[in-house]
Each structure stands twice: as structure tokens, then as C-alpha cells.
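Notes follow once the structure below has been shown.
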Amino acid sequence: MTSPHKISDGEVVLITGATSGIGRGLAERFAASKSPSVSHVYITGRRQELLDEISAIYPNVTGICFDPSNLEEIPAFAKRAVEELGVTLFLLNAGMQRGIDFTAPAADLDVLKAEFTLNFYAPVTFIRELIPLLNASGKAASIGVTTSGLAFAPIARMPGYCATKAAMRSFLLSIRRQLENEGAKNHIAIIEIAPPLVQTELHDVKHQPDFANVDMTDVGVPLDAYCDDTFKKIMSGGVDEIFYPGPTGSGVWEDKVGKHQRAFVNMMPVRNGDPLKLPQTPGLDAAAKVQLRAFATELPRHVTDRLMKAAIIRIALVLRESSFKLATGGQGRRGDLSIVGRAVTNTGASTALA
């Protein structure tokens, strides 16, 4: 994996979306830790009054009014954070969640676009800007991004939110591997923080109007319990993925996460442009190897574009296999699919991601 995440003395922390919920909970714990590992905490949010409130409580906290959904402002902000503020630990936590019913007469695509902008494109833009800046600084640094347990198993009520978190997790896996390929030159750790359902204002009626008649009291993990656990894991270091004990942590999804990681490693064994050393996979013919080599070599260069194409490929494979079984009366074999189908199936990717 990438440079292992570890906390050193004098860390300067920046947390986006830190005026409420998980962001605020983590900011307060960093500020109150009295650890020599934390020298200062910068927090961002859109509500200046809340930034002032938190800063007034903790003398080692500075609030900055900033909205990451304004993507064009991220490059200048990232440059300031690294070069002027000296930030070495970024926690990109800002996000939004809305329900969208696509069976309604006109599903609001503006809501979907807003979710992708804040939950996906904002962290992606930050990472694009931060990697060269942090490399130039010569300091060890970590970039953490909040995803969700819903990155692994979506729920029907929030198709947009779940898709943004799944895309973000996929992106982080690819970027972590690209950084790993830099070898000794890399000193940036990529951390995924995947919370379960946590009791925050993310689920308030203000943000989720369709919860008006639903009692969300005591639904989910208490905020303090979650932030205590996650803060401890961040401070302990040595991990690239932080889960909370339970359905999205060491329980139900542990095997799925492990399979996903193994499939990813098998599919991405090389650096950009280097010859692809394919694993010895029985049944993979020469044409399939050509297809797979082109796919795997090109993928790191066009990560966001390929995320979309990967989703389309997977849907096409499912439909193709269903059609094939219908045509053969259910007697067909998986190995009889097309070249791309054989390549994906035989590498174990479809099994791992099922």
C-alpha cells in the first residue's frame, strides 16, 4: 500500500465540513487532545457563526469559511493550506445526502449533481492539487476522505449519495496504488474513513424532508461513540481504511472488503506505462490478454473516466450473461462469454465485486 499513515509530533490538521456532525466531533477531539502530535487544527464550513463558536472554545482551532462545492476555489485553498498553513493531515469530510425517487414524474437531477460535486468531485479536486504540493514540501502527509458503509452496499432511497461514496472508494483505491508505484519517492498516505449510520444532523428533516414522519431518534451509532473510536484509530496510525465495529467494519463486510482488495491488486500490478505482468490465469487466451493489458495499463491515467466505463462494463456483462443463459436454456457456461467477459470473470473481479 502507500506510505503507512502515521501521526508525528507537530501535525497541523485541516478538516472540511467541521461545523457539525462527524467533522466537528473529530475537530473537537484533535483540539482537546493536548497531544504534542497536534499543534493546530484548521476547520472549514459554510456557517461563520459556528466556526467562531468552535474557535472560541479551543484556542488551537482556527475557522475558515470555505465551501468545497465551489470547485474553482479549491486549487488556491489547497496551495494556501500546504504552503502557508503547513497542513500535514487533511480530513476531507464535507458532504451532503439527499433522497431521490427516480419513479417520481421528474426526479431532481440538480440534487444528484450537487451530491456528486460535493461528495466526489470536491475531494478528487483536492487530491489532484494536494499531491504535487505535498510532494514539493518534502513532508510526510496524510489525506483522509470520508466515504460511507453505503459504498459497499447501497440503499434504494438514496441512489445518488450511495453512488458518490462507491465512486469515491474506487477512486481512493486507484490513487493509493498510483502513489505506491512511486516507491521511495512517495510520502503521502491515503486514508478512507467509512462510517456507518451515525446520529448527526445529516439525517435531520431540514436535510431529509422525507423523514418528516420518521422518528430518527436513537437511530444509528451515537456521534460521540463513533468519533471517539475513529479519532483513536487516526491517532494510532498504520491503517489505510478506518471502519467502525459492526456491519460496515469488522463484521458482515470484512470478507467482501478483503475480496475487493485482492481483486484490485491482481488487476493493477504495474506502474503507468510499464509492461503489464499478467497473473497466470487458466483459460485466458491471447486476445483476452490483449484486451486486459490495454484496459489495465490505461486505467491509472484516466481514473475518473474509467470509473464510469467500469460501471457500464459491469452492467453489460450482467445483461450479456443473462441473455446468454436465456438463449441456451440455462445450460451455458461462464467461459463462453465474450473476450472481455472472460477477462473480468477469470481474474476473479466479478466474484470479488458481486
Rounded to the nearest 0.5 Å, how far does [atom2] of [Y] lie from [atom1] of [X]?
X: Leu26; Y: Cys227; atom1: CG; atom2: SG; value: 4.5 Å
X: Cys65; Y: Leu50; atom1: SG; atom2: CG; value: 10.5 Å
X: Leu51; Y: Phe66; atom1: CG; atom2: CZ; value: 12.5 Å
X: Ser33; Y: Asn60; atom1: OG; atom2: CG; value: 7.5 Å
X: Asp52; Y: Thr19; atom1: CG; atom2: OG1; value: 11.5 Å
X: Leu150; Y: Leu197; atom1: CG; atom2: CG; value: 8.5 Å

For the residue pair [X] and [Y], what are the closest heavy atoms and their distance?
X: Phe116; Y: Ala163; answer: CZ-CB, 3.9 Å
X: Asn119; Y: Gly95; answer: OD1-CA, 3.2 Å
X: Val82; Y: Ser137; answer: CG1-CB, 4.3 Å
X: Pro59; Y: His40; answer: O-CE1, 4.3 Å
X: Met235; Y: Ser37; answer: CE-CB, 4.1 Å
X: Ala27; Y: Ile43; answer: CB-CG2, 3.6 Å

Q: Output every pair passing salt bridge (Lys or Arg N to Asp or Glu O under 4.0 Å) with a member in residues 127-152, not counting sequence neighbours, ordered by first then second residue.
A: none
Q) Angle class for the Phe231/Phe30 ring planes (parallel below 30°, perpendicular above 60°, tilted otherwise)? A) perpendicular
Q: Determine the interplanar angle of the Phe171 and Phe120 rings, folded into 0 to 90°, and report it as parallel if under 30°, tilted if 30 to 60°, perpendicular if over 60°.
A: perpendicular
Any non-hydrogen side-chain atom of [X] less than 4.5 Å from a side-chain atom of [Y]?
X: Tyr58; Y: Val41; value: no
X: Ile191; Y: Ile234; value: no
X: Leu85; Y: Ile64; value: yes
X: Tyr226; Y: Pro196; value: yes
X: Glu115; Y: Ile100; value: yes
X: Ile131; Y: Leu179; value: yes
X: Ile127; Y: Val145; value: yes
X: Pro195; Y: Thr230; value: no

Examine distances only and state if a side-chain atom of [X] and a backbone atom of [Y] form a donor-acceptor pair shorter than 3.5 Å.
X: Asn186; Y: Glu180; value: no
X: Ser55; Y: Gly63; value: yes
X: Arg176; Y: Asp240; value: yes
X: Thr117; Y: Lys113; value: yes
X: Thr164; Y: Tyr161; value: yes

Q: Report the C-alpha distance between Arg169 and Glu241 in whole Å, list the side-chain angles of each, state the deciding distance to 0.1 Å, and finish with yes or no for salt bridge (Lys or Arg N to Asp or Glu O under 4.0 Å).
A: CA-CA 10 Å; Arg169 170 171 171 76; Glu241 296 176 329; 2.8 Å; yes
Q.
Among residues at least two apart in sequence or on other chains, which ones pass ring pair (Phe, Tyr, Trp, His ring centres under 6.0 Å) with Phe126?
A. none
Go through the structure and list residues passing side chain to side chain donor-acceptor pair (under 3.5 Å) with [X], not counting sequence neighbours.
X: Asp228; value: Arg29
X: Glu11; value: Thr88
X: Tyr42; value: none

Q | side chain to side chain donor-acceptor pair (under 3.5 Å) partners of residues 70-81, not counting sequence neighbours, each pair once | A | Lys79-Glu83
Q: Output yes when Arg24 and Glu28 qualify as a salt bridge under the 4.0 Å nitrogen-oxygen rule, no when they do not.
A: yes
(Q) Could you walk me through whether Arg98 and Leu112 satisfy the side-chain contact (heavy atoms from CB on, under 4.5 Å) test, starting with their C-alpha distance in whole Å, then the side-chain angles of each, then the deciding distance to 0.1 Å, before giving a yes or no? (A) CA-CA 8 Å; Arg98 299 290 186 272; Leu112 187 68; over 6 Å; no
Q) Under the criterion side-chain hydrogen bond (donor to acceptor under 3.5 Å, both in side chains), which of Thr44, Thr146, Thr16 is the partner of Asn93? A) Thr146
